Asks: 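My questions will all concern the structure given below.
Reckoned from all heavy atoms, side chains included, excluding hydrogens, waters and symmetry mates. The first residue of the sequence shown is numbered 1, and numbering continues consecutively from there. Owing to the predicted nature of the structure, the values given are computational and were not obtained by experimental measurement.
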Amino acid sequence: MRLARVGSGSELAAALLVALGFPCIMLAAIIPNLWFFAAATAATYLADRYLHHCGSYLINRLAAVRAGLSIRFLVRQLLLILLLSRMGYGEETLFYVTVACLLAFYGLQAPQSAMVTLIRLRRKLPVVTRNIDLASVRIADAPPQRLMSRPAEKMLHLDIFSMVGVLVAVETGKDIIAYIGLGLTLVLAVCYLVALLPYVRPSRLVPPETKVLNAVGDWLAEYRPTVMLYFSGSKDSAYQANMWLETMAQLGGRPMILLRERNIVPQLATTSVPVLCVPGGVHLMNLDLSSVRVALYAANVGKNIHLLRVPTMKHVFIGHGDSDKIASVNPYSKVYDEVWTAGRAGRDRYALADVGVRDDDIVEVGRPQLAAIQSWSGTPGNPIPTVLYAPTWEGWDDNPGNTSLLLAGENIVRRLLEAEQPVRLLYKPHPFTGTRSAKAKAVHLRITAMIEQAAVQRATDPRWAEQSAALQGEQAEARAELARIEARLAELAGGGGRAARDEAELSRDSLADPAREAETAKLKDEWNAASWRAQGWWEHRVITGARMRLYDCFNESDAMVSDISSVVSDFIASGKPYAVTDSAELGEDEFRRQNTAVRAAVILSNSAAELDALLAAVTDPAADAQADARRELKQYLLGPDEPTSIVQFDTAVTALAAKSDARNAGVAKSLGEPVGG
């Protein structure tokens with residue numbers, strides 16, 4: 001499976017069916033054997049359809065070796081002709097009609113493909129927007145999804161009618177059945193073309209690029225944004241921008257979010273802040289962003305240079321978390337006017353790293369995102385403690401200190417599942433887990449299997465039978481509530497309109513709706529609460545996806561095991577006991593010296609033998625030797641509780657905007673230009 005780069009046994013089986021099916025079809029045509037031909041053909045149709053449905057990597061590889069989708073269908077049709085010839089139909093009318101109809105069908109595929117390509121290209125805006133009024137552009141409705149989703153597959157699969165008709169005709173001797181099947185294929189193909197025709201008209205396509213960019217320029221001139229969150233990255237990194245959306249919405253002035261990749265936009269959480277995605281560097285450079293005074297950067301990426309070149313705004317690195325990882329002291333940070341950290345620890349981290357970031361350029365602003373984290377009461381919230389295991393991902397190299405998953409993950413999970421005093425385990429891996437390392441992905445899958453098996457065993461354990469029976473009614477209500485909330489969230493995400501829309505139509509229609517945003521936020525909170533109620537407080541759980549938020553896991557748990565990452569710094573805001581794994585085996589003293597966030601942690605070796613100390617701290621306040629250290633570390637890492645982090649952050653934005661204004665006024669004065677915004 002690893003060699004074939006497939007994700008499951010069924011996917012591998014489907015790939016083998018495709019690989020072996022076509023030689024079987026050829027053999028059946030040569031023999032000839034009608035039933036063998038029909039069975040092999042059906043197998044390749046079904047396997048092909050399955051591989052496309054699951055988005056298999058093999059589909060792209062087949063295209064690379066001249067066995068793409070169109071070729072596979074054409075080969076099947078050619079082998080059908082061969083079968084007819086071998087069965088003595090070479091001089092029959094059925095043979096010539098079949099050849100003519102299949103050639104005509106092949107000819108119809110070209111205009112269908114051309115129209116689909118034209119529609120997609122001409123409906124592609126140079127920008128993607130949310131909460132920005134593009135009414136002046138006059139964007140028409142998108143074609144129905146049933147026409148534009150997987151169009152090549154839909155067109156090619158129309159040959160099934162011909163294939164079935166001809167095979168049945170050969171078996172029964174009734175040529176009319178073949179003619180009906182061939183006719184259906186051609187008629188449906190023509191209908192597909194006719195259905196596409198209205199959407200090729202200029203009035204159904206988007207206006208020229210220049211008009212769209214002018215409309216965006218007009219909006220910028222009217223809105224005049226003052227503070228901007230700039231973000232570039234893969235779709236899997238969208239969480240790095242999402243964590244700042246609520247903060248941006250709470251800032252004074254006129255905030256805006258500027259993205260650089262189209263695939264980030266669908267991953268962006270709900271927000272009322274204007275969102276402008278500009279993929280093209282030239283288009284970005286031509287935008288008038290002269291009103292922006294402060295640009296905030298959540299990640300150090302190459303495309304930052306496209307905005308860093310603008311001198312009229314101040315540039316700030318805010319990152320996407322506060323941790324002791326090397327990324328938190330990246331020398332790239334020198335390019336920004338200021339670097340904002342949560343607390344004193346971030347400032348000291350840069351000083352120790354000596355990467356060229358001046359102390360005067362560092363501002364402590366707290367972590368506004370942590371307001372939702374609840375403080376610990378001092379005792380478990382349920383009859384048994386809940387422990388969250390939230391390892392970080394494997395990183396870009398093979399440093400054993402990157403993640404506990406590879407060397408310690410299974411030991412951690414096994415010890416928690418087999419603890420003498422039962423605990424509930426929540427496992428929430430990093431979204432990037434397994435994206436680079438096949439070993440990390442394999443460990444993640446084994447851990448998931450361990451937890452799921454333990455959850456099944458606990459469900460049948462007599463110790464929990466009474467609680468399970470008592471909560472059945474409440475859990476059923478919670479599941480019904482989840483279904484209701486999910487349906488309403490889907491309706492809100494669709495804007496109450498058509499479900500099938502493309503990027504251009506979404507840009508046209510997705511204007512800010514405070515009422516809808518408020519309801520969405522409320523429903524997400526209710527979804528999280530109902531999700532916890534739908535399961536017992538003793539049930540183990542694997543948590544993936546974006547909907548179940550990390551901070552909700554913090555609030556549900558009584559302790560956490562993690563790695564050197566911002567997750568640890570954020571969890572410290574709760575005041576709860578936590579453990580961090582020394583996967584690189586530096587030794588406890590050296591590990592604490594190198595990593596500020598573990599100063600109040602239980603340090604785990606790769607065997608995870610020290611977990612008993614963490615569990616004791618959760619259940620017995622007298623055994624919690626790190627309680628005072630956690631309180632001190634919280635202020636050092638995250639700053640004071642008062643004023644609130646959002647006030648600190650907004651104050652920093654205002655102060656830097658004033659510096660930007662002063663700089664611009666000074667430059668204008670030196671050039672003899674009028675001073676003004």
Asks: A side-chain contact here means heavy atoms from C-beta on lying under 4.5 Å apart; do Trp532 and Arg541 qualify?
Replies: yes
Asks: Among Ile31, Leu167, Val166, find the one that has a side chain to side chain contact (heavy atoms under 4.5 Å, CB included) with Leu83.
Replies: Leu167
Asks: Quick one: do Glu519 and Arg516 make a salt bridge, cutoff under 4.0 Å?
Replies: no
Asks: Are the charged groups of Lys235 and Glu261 less than 4.0 angstrom apart, N to O?
Replies: no
Asks: Counting neighbours of CZ on Arg122 that are heavy atoms of other residues, nucleotides or ligands and sit closer than 6.0 Å, is the number greater than 12?
Replies: no
Asks: Find out whether Asp159 and Tyr45 are in side-chain contact, i.e. whether some heavy atom of one side chain is under 4.5 Å from a heavy atom of the other.
Replies: yes
Asks: Measure from NZ or CZ of Arg549 to the centre of the six-membered ring of Trp527, then state whether that distance is under 6.0 Å and the direction lies within 45° of the axis.
Replies: no
Asks: Does Phe161, at its CZ atom, have more than 12 non-hydrogen atoms belonging to other residues, nucleotides or ligands within less than 6.0 Å?
Replies: no
Asks: I'd like to know if Arg484 and Glu477 make a salt bridge, using a cut-off of under 4.0 Å between side-chain N and carboxylate O.
Replies: no
Asks: With distance as the sole test, does Thr270 use its side chain to make a donor-acceptor pair with the main-chain N or O of Glu517 at under 3.5 Å?
Replies: no
Asks: Should we count CZ of Arg138 as having more than 12 external heavy atoms under 6.0 Å?
Replies: no
Asks: Side chains of residues 198-216: which donor-acceptor partners sit under 3.5 Å, not counting sequence neighbours?
Replies:
| residue | atom | partner | partner atom | Å |
| --- | --- | --- | --- | --- |
| Arg201 | NE | Pro198 | O | 3.3 |
| Glu209 | OE2 | His283 | NE2 | 3.2 |
| Asn214 | ND2 | Thr210 | O | 3.2 |

Asks: Is the NZ atom of Lys124 crowded by more than 12 outside heavy atoms at less than 6.0 Å?
Replies: no
Asks: Does the distance from a Lys or Arg side-chain N to an Asp or Glu carboxylate O, for Arg123 and Glu503, drop under 4.0 Å?
Replies: no
Asks: With a sphere of 6.0 Å drawn around OH of Tyr106, does it hold more than 12 non-hydrogen atoms of other residues, nucleotides or ligands?
Replies: no
Asks: Please state whether the rings of Tyr427 and His444 are parallel, tilted or perpendicular, taking 30° and 60° as the class boundaries.
Replies: tilted
Asks: Between the side chains of Thr44 and Arg76, is a donor N or O closer than 3.5 angstrom to an acceptor N or O?
Replies: yes
Asks: Before accepting this row, confirm whether a basic side-chain N of the pair Arg424/Glu539 lies closer than 4.0 Å to the acidic partner's carboxylate O.
Replies: no
Asks: For the rings on His540 and Tyr389, is their centre-to-centre separation under 6.0 Å?
Replies: no
